[in-house]
Amino acid sequence: MRISDPNLIGRLTELRVELRQGAKLSELTSLGIGGTTDLLRITKHETIPDLLQLLDANHIPNKFLGGGSNLLVGDGELLWVVLQLVPPESDVVLEGNFAHVDAAADLGRTVTFCAKRDLGGMEGLIGVPGTVGGALRMNAGAYGMQIGSYVREVKLYRAATRQIETLRGHQISFEYRHTSFAPDDMMLAVILELPSKTYNEILKGIRICNEKRRSSQPLGQKSAGCIFKNPPGASAGRMIDELGLKGLSVGDVRVSDRHANFFVNAGHASAKDMLALIADVRERVQKAYGVALENEVVVWNA
Ligand SMILES: Cc1cc2nc3c(=O)[nH]c(=O)nc-3n(C[C@H](O)[C@H](O)[C@H](O)COP(=O)(O)OP(=O)(O)OC[C@H]3O[C@@H](n4cnc5c(N)ncnc54)[C@H](O)[C@@H]3O)c2cc1C
């Protein structure tokens, strides 16, 4: 979708929104898949209510992009524009055991920034790409920890009220790859309360997690992490592996040889190929185990 009305472009400039016309989503997602649309980069949180109202008034549908590491975006010219936050210069500010973090901050850099100042707890998140906002949306986690455990407050734009609001930690429920945020809530900033640990102790934990990732995941290849959520008490990857599906491919998309729940783009894969492989694997697992696998990857295909 393209924004061409000069009045609208002028209004976006007034709202300090950077317009990047014809952005390729394949260059903004870790899978390297996705078509083209206009990208609107938001530099001031306070302008979001006016921006969303402006887009609504002009009938411009939109989707919100974090770091693009959990996304499968459709091919070709996309029917919506994409919004993204620009991180401020200083995106993590510490106050005792509390870290005030902008949602656009890089998750890995946030974990190391805090670690170097003797604040730990998030060691398992090292190696999870993307932004802090994206991690909040999905309650990102690994190796027995999840970001939700440390959330004390979230500043967010709520489409339901068209306002920027603040939620306390106890008002939000964080479950396995699921949160109580509304689908159109836009997380803007978070306060995390992190336990004090020495940097050396945190580093030890980080090294263990890094090693586990390196030995089990196709880190050098384009992927979106796990395609499916683990069903209660089971492992989606193990089921796919047991069915001998590692290496199964459609076009340039294949089930990773390293981790059966990672589907990699081994060349110039399309969303169509990826969706076909996801459907095929889901059907085989359903037939063999009677389990309907649910996507962990977020699909933007309509
Ligand atoms: C190699 C690899 C390893 C991974 N390992 C893990 C892992 O161990 N554990 C894990 O949980 N995940 C893992 N992931 C998946 C992914 O990195 C996480 O889900 C990450 O938190 C997504 O953040 P993002 O900023 O990239 O979100 P995006 O992919 O940009 O967006 C994902 C969804 O979140 C929404 N979103 C993003 N930012 C915001 C915001 N500020 N406000 C509201 N909604 C927002 C988007 O609209 C979209 O619906 C892995 C991915 C890769 C590629």
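Atoms within a ligand are numbered from 1 in the order they appear, just like the ligands themselves. Index from 1, following the sequence. The analysis underlying the following values was restricted to heavy atoms, covering all of them including side chains, and did not include hydrogens, waters or symmetry mates. Remember, predicted model here, so these are calculated numbers, not experimental data.
Within the listing of ligand 1, atoms 42 (N), 43 (C) sit less than 4.0 angstrom from a heavy atom of M186. Every atom of ligand 1 with a heavy atom of A142 under 4.0 Å away is listed here by number and element: 8 (O). Heavy-atom contacts of D185 reach the following atoms of ligand 1: 43 (C) (cutoff under 4.0 Å). Short contacts between ligand 1 and R177, defined as distances under 4.0 Å to a heavy atom of the residue, involve ligand atoms 9 (N), 10 (C), 11 (O). Ligand-side atoms of ligand 1 in range of G134: 21 (O), 23 (O), 24 (P), 25 (O), 27 (O), 37 (C), 38 (N), 39 (C), range being under 4.0 angstrom from any heavy atom. Per-residue contacts place A140 under 4.0 angstrom from the following atoms of ligand 1 (heavy atoms of the residue considered): 11 (O), 21 (O). Interface of G141 with ligand 1, defined as ligand atoms under 4.0 Å from a residue heavy atom, comprises 7 (C), 8 (O), 9 (N), 10 (C), 11 (O).
Considering both main-chain and side-chain atoms, V298 never comes within under 3.5 Å of ligand 1 through any nitrogen or oxygen pair. Checking only distances, W300 never comes within under 3.5 Å of ligand 1, N or O to N or O. Among the atoms of P129, some N or O lies under 3.5 angstrom from an N or O of ligand 1. For a threshold of 3.5 Å applied to N or O pairs, the pair formed by G66 and ligand 1 contains at least one separation below that value. The shortest N or O to N or O distance between S69 and ligand 1 is under 3.5 Å. The N/O atoms of F262, backbone and side chain alike, include none that comes under 3.5 Å of an N/O atom in ligand 1. At under 3.5 Å, a nitrogen or oxygen of G68, whether backbone or side chain, sits near a nitrogen or oxygen of ligand 1.
Counting only N and O atoms by type, the side chains of K155 and H45 include a donor and acceptor under 3.5 Å apart. A donor-acceptor contact closer than 3.5 angstrom links the side chains of R282 and N295.
Shown here is R214, whose CZ atom has more than 12 heavy atoms of other residues, nucleotides or ligands within 6.0 Å. Heavy-atom neighbours of R117 CZ from other residues, nucleotides or ligands within 6.0 Å: above the threshold of 12.
With a 4.0 Å heavy-atom cut-off, ligand 1 is reached by no atom of A104. Heavy atoms of T131 found under 4.0 angstrom from ligand 1 belong to the backbone as well as the side chain. Looking at S30 against ligand 1, only its side chain comes within 4.0 Å, counting heavy atoms. Contact annotation for Y176 and ligand 1: no heavy atom of the residue comes within less than 4.0 Å of the ligand. At a 4.0 Å heavy-atom cut-off, ligand 1 touches R137 through the side chain alone. For L136, no heavy-atom contact with ligand 1 is shorter than 4.0 Å.
For the pair R137/V298, no side-chain contact is recorded, criterion being any heavy-atom separation below 4.5 Å from C-beta on. Between H100 and E95 there is a side-chain heavy-atom pair separated by less than 4.5 Å. Residues L12 and L54 are in side-chain contact: their nearest non-hydrogen atoms beyond the backbone lie under 4.5 Å apart. Between F228 and I278 the shortest side-chain heavy-atom distance falls below 4.5 Å. Counting heavy atoms from C-beta on, the side chains of R284 and D280 come closer than 4.5 Å. When side chains are defined from C-beta on, R213 counts as touching Y143, because their heavy atoms get closer than 4.5 Å. Residues E175 and N139 fail the side-chain proximity criterion, which asks for heavy atoms closer than 4.5 Å. A heavy-atom distance below 4.5 Å is not found between the side chains of V73 and K63.
Expressed to the nearest 0.5 Å, how far CG of D241 lies from CZ of R238 amounts to 9.0 Å.
Using a 4.0 Å heavy-atom cutoff, R213 is listed among the residues neighbouring ligand 1.
Taking the charged nitrogens against the carboxylate oxygens, K204 and E201 have no contact shorter than 4.0 Å, which rules out a salt bridge.
Nearest protein neighbour of atom 40 (C) of ligand 1, counting heavy atoms only, is F64 CE2, 3.3 Å. Looking from atom 13 (C) of ligand 1 to the surrounding protein, the closest heavy atom is V128 CG1, 3.7 Å. Of all protein heavy atoms, the one lying nearest to atom 24 (P) of ligand 1 is G67 N, 3.4 Å.
By heavy-atom distance, the residue among L71, N70, L83 lying nearest atom 48 (C) of ligand 1 is L71.
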